[in-house]
Protein chains: 2
Amino acid sequence: MQKMNNKNQIFIDKLRSSGLRPTKQRVEISTFLFKRKKTFHFTVEELKNSMNLKRSKKISTATFYNTVHALKSAGYLKEFSLENNTSYYDTNISSHHHFFDNGKVIDIKSDKITFKKLPEAPKGKKIKNVEVVIRLENNN
Amino acid sequence: MQKMNNKNQIFIDKLRSSGLRPTKQRVEISTFLFKRKKTFHFTVEELKNSMNLKRSKKISTATFYNTVHALKSAGYLKEFSLENNTSYYDTNISSHHHFFDNGKVIDIKSDKITFKKLPEAPKGKKIKNVEVVIRLENNN
DNA sequence: ACTTAGTTTAGAACTATTATAAAGTAGATA
DNA sequence: TATCTACTTTATAATAGTTCTAAACTAAGT
Ligand SMILES: [Mn+2]
Ligand SMILES: [Mn+2]
Ligand SMILES: [Zn+2]
Ligand SMILES: [Zn+2]
């Protein structure tokens, strides 16, 4: 394979540090996910459809799942669930909260929510993170 | 079908007000779910397995799903998701929060968490509820 | 008791995801 | 650069949770 010009090096590095060889398909996925101004939320199916739309030779479903799982395990993606039995992924890996508005997911920056009171972790356990979901509905 | 003695009337009432006739199967499900000292969390598969274990004539999968969905739509159950693409249901329908501890779900009473600061809803929207998930991990 | 709209059920269908295994490739080595 | 091999991609099958279908059954009104 052709050596990539080094402007995509940071996307390649995410793959390598996720334990993945930077193949053509994976570099495209990593670049698609992380070369953007704003973070976003996606399902694997959405990712596959939007990337494959513009390609003649499609990337396979298994490659999308494998790559997303490895990036998630390495901490470059966060996973969450709505109430529809589908995994969603978030390219914003900082600790933050969400509005859920009929299937639409909107970030809430961490400093927009603060706590007056929080419970202790049960003994033998400690708190990994605290995440808030604010469900929305339409006015009237 | 034999008329139920009226000590199960409140479980029958939940069915009726969910738009369901109180059939033998549904009354057993409703009674199993709501005749207890403590609320609990379950998946439909778990509910089916634990109820059918002690029965000679099994209740069908479709009846479990139908009944749970109707009870949920009527507000007698709340639904939530972990990160495993399965729907969980909660017989505690009051507003409350959860610890998630490796697939185990523990209630946190509403008054154990209070907020110093919360964001406004986006315009045209209002807040339906605010729910906190505290993810746990083992000490050390 | 009769009637019928609603219900139960087995099984098929569907959707998201994971597993399989054959063919292809990255990257190390000669 | 040619060779080698462990890793990767892919088509496809398998699985799991859930929903749909339609025939047999039943609650409950008359
Ligand atoms: Mn997954
Ligand atoms: Mn459901
Ligand atoms: Zn987010
Ligand atoms: Zn709960």
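So that the names make sense, note that chain A is the first sequence line, chain B the second, and so on, each numbered from 1. Excluded from the calculations below are hydrogen atoms, water molecules and symmetry mates; all remaining heavy atoms, backbone and side chain alike, are included.
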(Q) Counting neighbours of NZ on A:Lys38 that are heavy atoms of other residues, nucleotides or ligands and sit closer than 6.0 Å, is the number greater than 12? (A)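 Counting other residues, nucleotides and ligands, NZ of A:Lys38 stays at 12 neighbours or fewer.
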Q) Are there more than 12 heavy atoms of other residues, nucleotides or ligands under 6.0 Å from atom NZ of B:Lys104? A) no
Q: Could you tell me whether the side chain of B:Phe100 reaches within less than 4.5 Å of the side chain of B:Phe80, counting heavy atoms only?
A: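 Yes; the side chains approach each other to less than 4.5 Å.
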Identify which nucleotide among [options] has an atom closest to any side-chain atom of [X], counting heavy atoms from C-beta outward.
X: A:Val44; options: C:dT17, D:dT9, D:dG17; answer: C:dT17
X: A:Tyr65; options: C:dA16, C:dT8, D:dT19; answer: C:dA16
X: B:Ala62; options: D:dC20, D:dT18, C:dA26; answer: D:dC20

Examine [N]: is either OP1 or OP2 under 4.0 Å from a nitrogen or oxygen in the side chain of [X]? Give yes or no.
X: A:Lys57; N: D:dT9; value: no
X: B:His69; N: D:dT18; value: no
X: B:Asn85; N: C:dT17; value: yes
X: B:Gln25; N: D:dT26; value: no
X: A:Thr63; N: D:dT10; value: yes

Q.
Just the rounded figure in Å: distance from C1' of C:dT17 to OH of A:Tyr88.
A. 15 Å
Q: Report yes or no: do B:Tyr88 and B:Tyr76 belong to one cluster of Ile/Leu/Val/Met/Phe/Trp/Tyr joined by side chain heavy-atom distances under 4.5 Å?
A: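 The answer is no; the residues belong to distinct hydrophobic clusters.
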Q) Taking the side chain from A:Lys117 and the backbone from B:Asp111, do they hold a donor-acceptor pair closer than 3.5 Å? A)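 Side chain of A:Lys117 to backbone of B:Asp111, a donor-acceptor pair under 3.5 Å: yes, one is there.
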Protein-nucleotides 28-30 of chain D N/O pairs under 3.5 Å:
| unit_1 | atom_1 | unit_2 | atom_2 | d |
| --- | --- | --- | --- | --- |
| D:dA28 | OP1 | B:Arg16 | NH1 | 3.2 |
| D:dA28 | OP1 | B:Arg16 | NH2 | 2.8 |

